[in-house]
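Read the structure below first, then the notes.
So you know, we letter chains A, B, ... as the sequences are listed, proteins then strands, and number each from 1.
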Amino acid sequence: MTNAEIVTLLSHVAAAYSVMDEKKHYFQIVAYKKASEAIESMSTQLTDQYEEGKLDAVPGIGPSIKKHLTDVFENGKSQHLEKVLATVPSSMFPLLDIPSFGPKKAYRLVTEFHLTNPKTVVQDLQKIAKQGKIAKLDGFGPKSEHDILQAISEYGMGVNKSSRMVLPYASEIADKIVHYMKRCPQAVQVETLGSMRRKKETIGDIDVAVATKDPKKVIDYFVNYPYKDRILEKGDATASILISGGKHIDLMVQPVGSFGSLLQHFTGSKEHNIKLREYALKKDVSLSEYGIKKITEKSKTQKVRESDQTQTYDSEEKFYNALGLDWIPPEIRENTGEIEAALHHTLPKLIELKDIKADFHLHSSFPIEPSHDLGQDTIETMAKYAEKLKYHSIGFSEHNPSQKNHTKEEMKRLVEQRNHVIDQVQKITKSVRIYKLLETDILPSGNLAIDNSVLNILDATIVSVHSVFSMNKNDMTKRVINGLSHKKAKILAHPTGRLIDKRPGYELEWEELFAFCKKHNKALEINAWPYRLDLSDILVKRAISKGVNLVIDTDSHAVSQMNLMRYGVDVARRGWAEKKNIINTWPPEKIRSWLLST
DNA sequence: GCCGTTTTCGGCCCGACTGTTTTCAGTCG
């Protein structure tokens, strides 16, 4: 059972409760949604938590949901959850993936028109809408019928609530729109918001904030964005457009004086904001995107809007400080302890891109006849670029020469030839120390793919898994630790092997691996390749808490890819990494003695 | 159904926007 399946299950339970009686089940609905969202944002598998007996360590999972999930893991289903789901027609669930469809609308339509087949329900509904039958229902009209048709057609083209982009792709779109908005004469300040600002590994919608004295003009300017497909919403303070590719861009506008509150509010995460508001309520203040409002007896009972009493903030620092908290970097606003740390002034001083002085995972074009892909640029080109980046250390880590096609002696000769080129390049790039590494496969047996005679002519090696991903957790852990045990092996590259949205990666006994790495001074890699970002933020945080050192590498196969380092730093920041936790920020001599230690 | 720097009971974030409505329901973030 994957996380995605559990997320679907729990959100469907919440939807079923909403249909049954939203008022009566209000808090169950909130609880199931909360649990579902918490699991969605996990980057480890819930089954792991279950196996370790730590299901309720997940925020939002308490005794009751824990019991139901345990049933699901043990028996494939939970009697209780099945019972709840059975109160509504299962044909309503596929509709929930379509934008603008919630539980009420989905239920109403499938019951009203007796749509019972979940497999065809979307097409069936489309047919009915085209016949003009929806507009005749109470509470619906021609416009909502039209909107339903549009939503279904866009859904058919891949627009749905859950589709997300990887960070670099989203960054490209965001940069364009930010650039466009900055040219709006009335825009004083322009910032991204949401998961984009928090640098999550995948991004849903792009959210942009603008500070202005003239919201109307800014919103008019925004909805005229030349690359838009159509306008989704347009109000006094917000607007939303759809761009080609089915991505939403949301705009939030606010006066300069309350821009800090706006940034805070829409940067989220949702979990962070909920926690922050709960905390604020205890201090008798209420938070919104406009600022902080003192709760009086009158406003409690009458629910009157007392905007004149709202204290506004032009910066986020002032907003957080007003609550007695230190400013919290956007990357760690996930309700994983940052609010408590801000309260006690114990927030980490997160690593920054400028701290990075090394990159150990570079694939050059040297014809080493590798087991996997070769790089595109020469050792010299890449070393020169490292100088430009002001690095003091780099390492060439081509894949080891293919075992299948070469004898031990041939492999050794190839590596010697490569080392010779490195020596030549080292003479002309004095400011960067170049290490002779390889990226060596850890075979299913746990042995390394190259012989000691080859390993001995290296400064050190990165090791990684590139085959037989389907081993069980125990065996895979043994395999990895075995590979990492070689005295020349210093770094475990892309430790889970996952590819975002393509391949889940293999499971490891993390506590065992962390303990091993700490004891033997091995590093785990944060691979900055956009589809890897492996280790993930959550595992980074766990590793750091166990005292494991990490290294951020780009895994570059071309010189331009050396710029991907920023995405690795984003992951490290999201994992609460400080400079000291990341080996490529260390001074050159410290790196040298670590890398060459045996 | 979850959760704890007032608490193991009694609370539970806050608001915008749209369509179909004469004051609100549904959806979204």
Subject >> Close side-chain approach of A/K130 to A/L149, heavy-atom, < 4.5 Å >> reply: yes
The side chain to side chain contact (heavy atoms under 4.5 Å, CB included) partner of A/E334 among A/K270, A/H272, A/R574 is A/R574
Euclidean distance for C1', B/dT6 against B/dG11 (whole angstrom)
12 Å
Across every strand shown, the nucleotide meeting Watson-Crick or G-U wobble geometry with B/dC14 (both distances under 3.5 Å) is B/dG29
Quick note, A/Y32 side chain, CB onward, closest among B/dG29, B/dA16, B/dG1 is B/dG1
Worksheet item: If we take the C1' atom in both B/dG1 and B/dT5, what is their distance in whole Å?
Response: 24 Å
Testing B/dT6, B/dG15, B/dC12 for proximity to the side chain of A/L281, the answer is B/dC12
Testing B/dG29, B/dG1, B/dT5 for proximity to the side chain of A/K270, the answer is B/dG29
Check: Taking atom C1' in both B/dT22 and B/dT18, what distance in whole Å separates the two?
Finding: 16 Å
Does the plane of the ring in A/F319 sit parallel, tilted or perpendicular to the ring in A/Y313? Use 30° and 60° as the thresholds. perpendicular
#### Entry: Euclidean distance for P, B/dC12 against B/dG19 (whole angstrom)
33 Å
Quiz item: On the ring face of A/F101, is A/K105 found with NZ or CZ under 6.0 Å from the centre and within 45° of the axis?
Solution: yes
Of B/dT20, B/dA16, B/dG1, the nucleotide closest to the side chain of A/Y290 is B/dA16
Please measure how far the P atom in B/dG15 lies from the corresponding atom in B/dC9, and state the result in whole Å.
32 Å
Margin query: I want to check one thing: is the phosphate of B/dG15, taken as OP1 and OP2, less than 4.0 Å away from some side-chain N or O of A/K293?
Written below: yes
When rounded to whole Å, the NZ to C1' distance for the pair A/K234 and B/dA16 reads 15 Å
A/D147 atom CG is separated from B/dA25 atom P, nearest whole Å, by 20 Å
Would you say A/S286 places a side-chain N or O within less than 4.0 Å of OP1 or OP2 belonging to B/dC14? yes
Of the listed B/dT20, B/dG29, B/dG26, the closest approach to the A/S144 side chain comes from B/dT20
* To do: May I ask you to verify if any side-chain N or O of A/H146 is less than 4.0 angstrom from the OP1 or OP2 atom of B/dT20?
  => no
When the P atoms of B/dT8 and B/dG4 are considered, how many whole Å apart are they? 13 Å
Of the candidates B/dC17, B/dT27, B/dG1, the side chain of A/T238 sits closest to B/dC17
Exercise for review: Return the orientation label for the A/Y17 and A/H25 ring planes: parallel under 30°, perpendicular over 60°, tilted otherwise.
Suggested key: tilted
Among B/dT5, B/dT27, B/dG1, the one nearest any side-chain atom of A/P103 is B/dT27
Does the side chain of A/K105 get closer than 4.0 angstrom to OP1 or OP2 of B/dG26 through an N or O atom? no
From the candidates B/dT6, B/dT5, B/dC2, the one with an atom nearest any side-chain atom of A/K282 is B/dT6
Side-chain atoms of A/S64 come closest, of B/dC2, B/dC14, B/dC12, to B/dC2
message: Rounding to an integer number of angstrom, what distance separates B/dT20 and B/dG26 when you compare their P atoms?
response: 14 Å
Note to self: Distance check, C1' atoms only: B/dA16 and B/dG10, in whole angstrom units.
What the structure shows: 30 Å
With centres under 5.5 Å and planes under 30°, do A/F27 and B/dC12 count as stacked? yes
